[in-house]
2 protein chains.
Amino acid sequence: MKNMNLKKITVHDVAKQAGVSTATVSRVINDNDAVSPELKAHVREVINELGYRPNKAAHHLRSGKVKRVGVLFADIRNPFFTSVLAGIENYLHEAGYALILGNSNEDAKIESMQLQAFLDEGVAGIILSSVTNSGAQYQQVLDAGIPILAIDRIPRNLKVDSISIDNVRAAKQAALHLINLGHEKIAFIGGPEHISTAYLRKKGYLEALEEHPDIKPVIELGDFRQSGGYQATRNILAAHNDISAFLVANNLMTLGALQAFNEKRILIPEQIALVGFDDMPWATSLQPPLTVVAQPTYDMGKIAARLLLDRIKNPDSPIQQVTLETELIIRESCGGLRSA
Amino acid sequence: MKNMNLKKITVHDVAKQAGVSTATVSRVINDNDAVSPELKAHVREVINELGYRPNKAAHHLRSGKVKRVGVLFADIRNPFFTSVLAGIENYLHEAGYALILGNSNEDAKIESMQLQAFLDEGVAGIILSSVTNSGAQYQQVLDAGIPILAIDRIPRNLKVDSISIDNVRAAKQAALHLINLGHEKIAFIGGPEHISTAYLRKKGYLEALEEHPDIKPVIELGDFRQSGGYQATRNILAAHNDISAFLVANNLMTLGALQAFNEKRILIPEQIALVGFDDMPWATSLQPPLTVVAQPTYDMGKIAARLLLDRIKNPDSPIQQVTLETELIIRESCGGLRSA
DNA sequence: TTGTAGGCGTTATCAA
DNA sequence: TTGATAACGCCTACAA
């Protein structure tokens, strides 16, 4: 009834009120060319006075420019994602960009639908943790002039900026930690081989063992989810009775392993030493606190967003592959500190 | 060099190729009026043939319609959020809506900036877990004709659709569980009082105690984060030496409490019984597995999205306040099952 | 049932 | 430095 005044205010209203042309208003909005400082100030005043807000759809349509980024993750329910996303969101927000979120749910079909949706919606760039390992299906996005930033999982043969950790080195370091502690039967729970992080972490584990030929690999592959870690752990426990240490290649699978250990009343670290991936909130709340390979998740998100916006501003600069340091945080799940 | 053919295809191209007018093409796109079936089929063929995709910015500008929803959470880093978000994303994606994500980070200033950004960006509706407890600052959004769906935290005095759990009942049930187990010194770790869930859960705890006048409340308020739960637990432990049970009103604070118990080598459930909020992935991986008040987070997200889209389609239907059932999942952190 | 034409709010071109 | 004007791609009276 009383909302008489909610008809949208446009450049025309501002122009009329300020006694200038719409062109001038537009120039002021975009802080563009050389509008005389006095005029600029005056127009700004009128803009505030009227509470004018530019229409982004019209801006987009006319100029072709958008301040909007698509973020497409393979598994939105993994807490690893939450932290990375928070970093991305923080950076984008401060840069005045909107964040469009998608979940491919580890499904290549859905992934390509989501990418298409991003294109339809109009995004200036895309941050992607890809489902598959080959980069072919992303070419049409690139051809449309939309840059992609690959995060965490980096498809082969895709010439785009990327940010990840050194997965081989991280896993190798964790495995060597267990070896140096004297373990000779070390099981590895990995993920689906088509996921680059899974493949590379397994490689790191194997590289560590190659330096110690007397230690034979024991490998079981899960699905990077809790249930998969649980099942893989049970399988290993059933097939071997002499394993003294586990290296688990992902956060949720580590929870699954713990669940299996608890059920069998296996004590950590007395009976089995455990190293997990990702320093998640619960790591310090477990008893014993968990030794983990920590990734700088939040910073990873921030840097990813920064790299992408750089690319958007500068489409022809050389491609960057950023690798972040991981840290092996030694707590008590491999023993040693407990007696201290 | 070779991208000659990436000039955008428009309704005009389709119209020309199909030998019809742009109006007809538009009607076919929107599956609208009565275009003769044959013509419709023919135009559709041409659309596929040319790979035509409607320009959403133009559509939005001209028609005023958008298939885009803003989601604004108070703390994007809380894993509770991840699960709710996944539910929202799933529903929106299937309905052909894009999801714009924002994080207010428990800051009312940022919250209103984000809301303004949503308005500027153009959204058809907003899902909001609000930072403050009073609804005044949301009126301008509502006045702009954009519906809000309040989720989890429901501001007072705001006449909008909402979805939440019965926080009073949930906390009361948890407290009564501890009382029925024979505990007479039960500490409660709550959250900031201006957050509705925090306030209501504390109320539930107090209501339970009112039924047992011999039990005196012991309350410490944290910040809903891990460090807050840790500190609150330490405070209680320092001030009382006869507490036999803890009820912690949020997931991350429960992790903080656990951390404090571990540090002091306090055994759960032998020395202290513990009930937490939210059935998070780690609950079953803890030793002992955690007794919790479980919220249907994923479904909460799905239902939230559905309610909002209903509202968008039907702006004048009566306001709905949906309350979801919680479940007290009894595991082993209050004792009892361990010997089984 | 189909077509014509004007305009959504902005920006870019051109002229003044 | 500023203004008039024509698009951007689409939708929707209105006319046929």
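Proteins get letters first, then strands, A, B, ... in listed order; numbering begins at 1 in each.
Remark: Ser21(B) is in phosphate contact with dG3(C), judged by side-chain N or O atoms under 4.0 Å from OP1 or OP2. An OP1 or OP2 oxygen of dT11(C) is reached within less than 4.0 angstrom by no side-chain nitrogen or oxygen of Ser63(A). Between dG3(D) and Thr24(A), a contact under 4.0 Å exists linking OP1 or OP2 to a side-chain N or O. OP1 or OP2 of dC11(D) has at least one side-chain nitrogen or oxygen of Ser26(B) nearer than 4.0 Å.
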Discussion item. Pair Arg311(B), Ser317(B) - check side-chain hydrogen bond (donor to acceptor under 3.5 Å, both in side chains), show working.
Written reply: CA-CA 7 Å; Arg311(B) 166 67 55 209; Ser317(B) 61; 3.2 Å; yes
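Rounded to an integer number of Å, the gap from Lys8(B) NZ to dC10(D) P is 11 Å. Rounded to whole Å, the distance from NZ on Lys16(A) to P on dG9(C) is 13 Å. To the nearest angstrom, P of dT10(C) lies 15 Å from NZ of Lys65(A). One interatomic measurement links the two molecules: CG of Asn30(A) to P of dT10(C), which rounds to 10 Å at whole-angstrom precision. With rounding to whole Å, Asp13(A) atom CG is found 14 Å from dC8(C) atom C1'. One interatomic measurement links the two molecules: CD1 of Ile29(B) to C1' of dG9(D), which rounds to 10 Å at whole-angstrom precision. Atom-to-atom, CZ of Arg27(B) to C1' of dG9(D) comes out at 17 Å; the value is rounded to the nearest Å. The distance from atom CG of Asn32(A) to atom P of dT13(C) is 11 Å, rounded to the nearest whole Å.
Side-chain N or O atoms of Ser112(A) include one that pairs as donor or acceptor with a backbone N or O of Lys109(A) at under 3.5 Å.
Distance from the side chain of Thr10(A) is smallest for dG9(C) among the nucleotides dG9(D), dG9(C), dG3(C).
Where the helix from dT1(C)-dA16(D) to dA16(C)-dT1(D) starts and where it ends, the local axes point in directions that differ by 40°; five pairs per end, rounded to 10°.
Between Arg306(B) and Asp161(B) there is no salt bridge, since none of the side-chain N atoms of the basic residue sits less than 4.0 Å from a carboxylate O of the acidic one. A salt bridge between Asp31(B) and Lys40(B) is present, with a side-chain N of the basic residue lying under 4.0 Å from a carboxylate O of the acidic one.
Annotation: side-chain hydrogen bond (donor to acceptor under 3.5 Å, both in side chains) contacts involving residues 93-106 of chain A, sequence neighbours excluded, comprise His93(A)-Gln114(B), Glu106(A)-Arg153(A).
Near DNA chain C, defined here as any heavy-atom distance below 4.0 Å, the residues from residues 46-62 of chain B are Leu61(B), Arg62(B), listed numerically.
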